[in-house]
Amino acid sequence: MAFQSSITAPTPRPCLFTCKSLAAKAAPPSSVSVSPQLLTSRFSYSPRAVAGYPISLVVKSRRNASFRCFASALTPELKSTLDKVVTSSKVVLFMKGTKDFPQCGFSHTVVQILNSLNVPFEYINILENEMVRQGLKEYSSWPTFPQLYIEGEFFGGCDITVEAYKSGELQEALEKAMCS
């Protein structure tokens with residue numbers, strides 16, 4: 001007989017603190033994540049539970065505590081580099097892993113689609129550089145990977161690519177790109 005737990009994780013409650021308001025404060029020694037948009041506590045602390053704790057308590061925190069606050073990762077230099085990369089080839093895929101060894105099912109799916117269409121493409125393994133990964137999310141205004149670019153324009157992620165493949169829209173876009 002398999003053991004089945006009836007315990008479920010609490011639903012995170014968004015707090016009303018932004019990253020800037022937390023510059024001098026941090027969360028109590030527990031597990032709290034911070035994004036530029038909002039603070040989400042995995043243990044459903046109210047916003048008042050955050051106030052008054054210095055950031056050093058969290059950075060040098062106890063087990064299970066984490067604090068992630070990303071300022072804009074898209075620097076002008078990184079934006080310029082990404083502009084060059086996405087226009088360096090007609091088809092560019094930012095993915096987890098390599099085209100020979102994708103390290104994520106979604107990346108694998110997009111690689112399989114491009115390979116089935118015999119499309120030559122360049123790839124960038126976003127797992128090799130955290131700044132590129134974070135900056136690319138801002139660059140494309142798309143939070144997930146893989147990210148497919150055709151002729152320097154963001155085409156979409158896995159779901160969009162799959163739907164476009166099924167409808168024939170992807171083949172049209174790729175054919176147009178290869179002929180230009």
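In this text the structure is predicted, and so the values were computed from the model without any measurement.
No more than 12 heavy atoms of other residues, nucleotides or ligands lie within 6.0 Å of CD in Glu122, so this atom counts as exposed by the packing criterion. Within a 6.0 Å sphere centred on CZ of Phe106, other residues, nucleotides and ligands contribute 12 heavy atoms or fewer.
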**Request:** Start with the C-alpha distance between Thr81 and Val132, add both sets of side-chain angles, then the distance that settles side chain to side chain contact (heavy atoms under 4.5 Å, CB included), and finish with yes or no.
**Result:** CA-CA 10 Å; Thr81 300; Val132 169; over 6 Å; no
**Message:** One pair to check against side chain to side chain contact (heavy atoms under 4.5 Å, CB included): Leu93 and Ile124. What are the steps and the verdict?
**Reply:** CA-CA 6 Å; Leu93 180 64; Ile124 289 80; over 6 Å; no
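When all heavy atoms of Leu174 and Val119 are compared, the pair lying nearest together is CD1-CG2, 3.7 Å. The heavy-atom pair separating Met131 from Leu78 by the smallest distance is O-CD2, 3.5 Å. Heavy-atom minimum distance, Ile113 versus Ser116: O-OG, 2.7 Å. Closest approach of Pro146 and Val110 over heavy atoms only: CG-CG2, 3.7 Å. The two residues Ile150 and Ala173 come nearest to each other via the heavy atoms CG2-O, 4.0 Å. What you find for Met178 and Val91 is that their closest heavy atoms are CE-CG2, 3.4 Å.
We find the CD1-CZ distance between Ile126 and Phe145 to be 4.5 Å, quoted to the nearest 0.5 Å. A distance of 8.0 Å separates CE of Met95 from SG of Cys104, quoted to the nearest 0.5 Å. For the atom pair CD1 (Ile160) and CG (Leu148), the distance works out to 10.0 Å, reported to the nearest 0.5 Å.
Applying the side chain to side chain donor-acceptor pair (under 3.5 Å) rule to pairs touching residues 95-113 yields His108-Gln112, sequence neighbours excluded. Applying the side chain to side chain donor-acceptor pair (under 3.5 Å) test to pairs two or more places apart or on separate chains, none has a residue in residues 159-169.
Residues satisfying the side-chain contact (heavy atoms from CB on, under 4.5 Å) criterion with Glu153, sequence neighbours excluded, are absent altogether.
Side-chain atoms of Thr87 come within 3.5 Å of backbone atoms of Lys84 as a donor-acceptor pair (strictly under, hydrogens ignored).
Considering only heavy atoms from C-beta on, Gln147 comes within 4.5 Å of Leu136 through its side chain. By the 4.5 Å heavy-atom criterion applied to side chains, Asn125 and Glu128 are counted as neighbours. Side-chain contact between Leu117 and Leu170 is present, with at least one heavy-atom pair separated by less than 4.5 Å.
Phe94 and Tyr149 have their aromatic ring centers within a separation under 6.0 angstrom.
Under 3.5 Å, the side chains of Ser72 and Glu138 contain a donor-acceptor pair of N or O atoms. Counting only N and O atoms by type, the side chains of Glu175 and Gln171 include no donor and acceptor under 3.5 Å apart.
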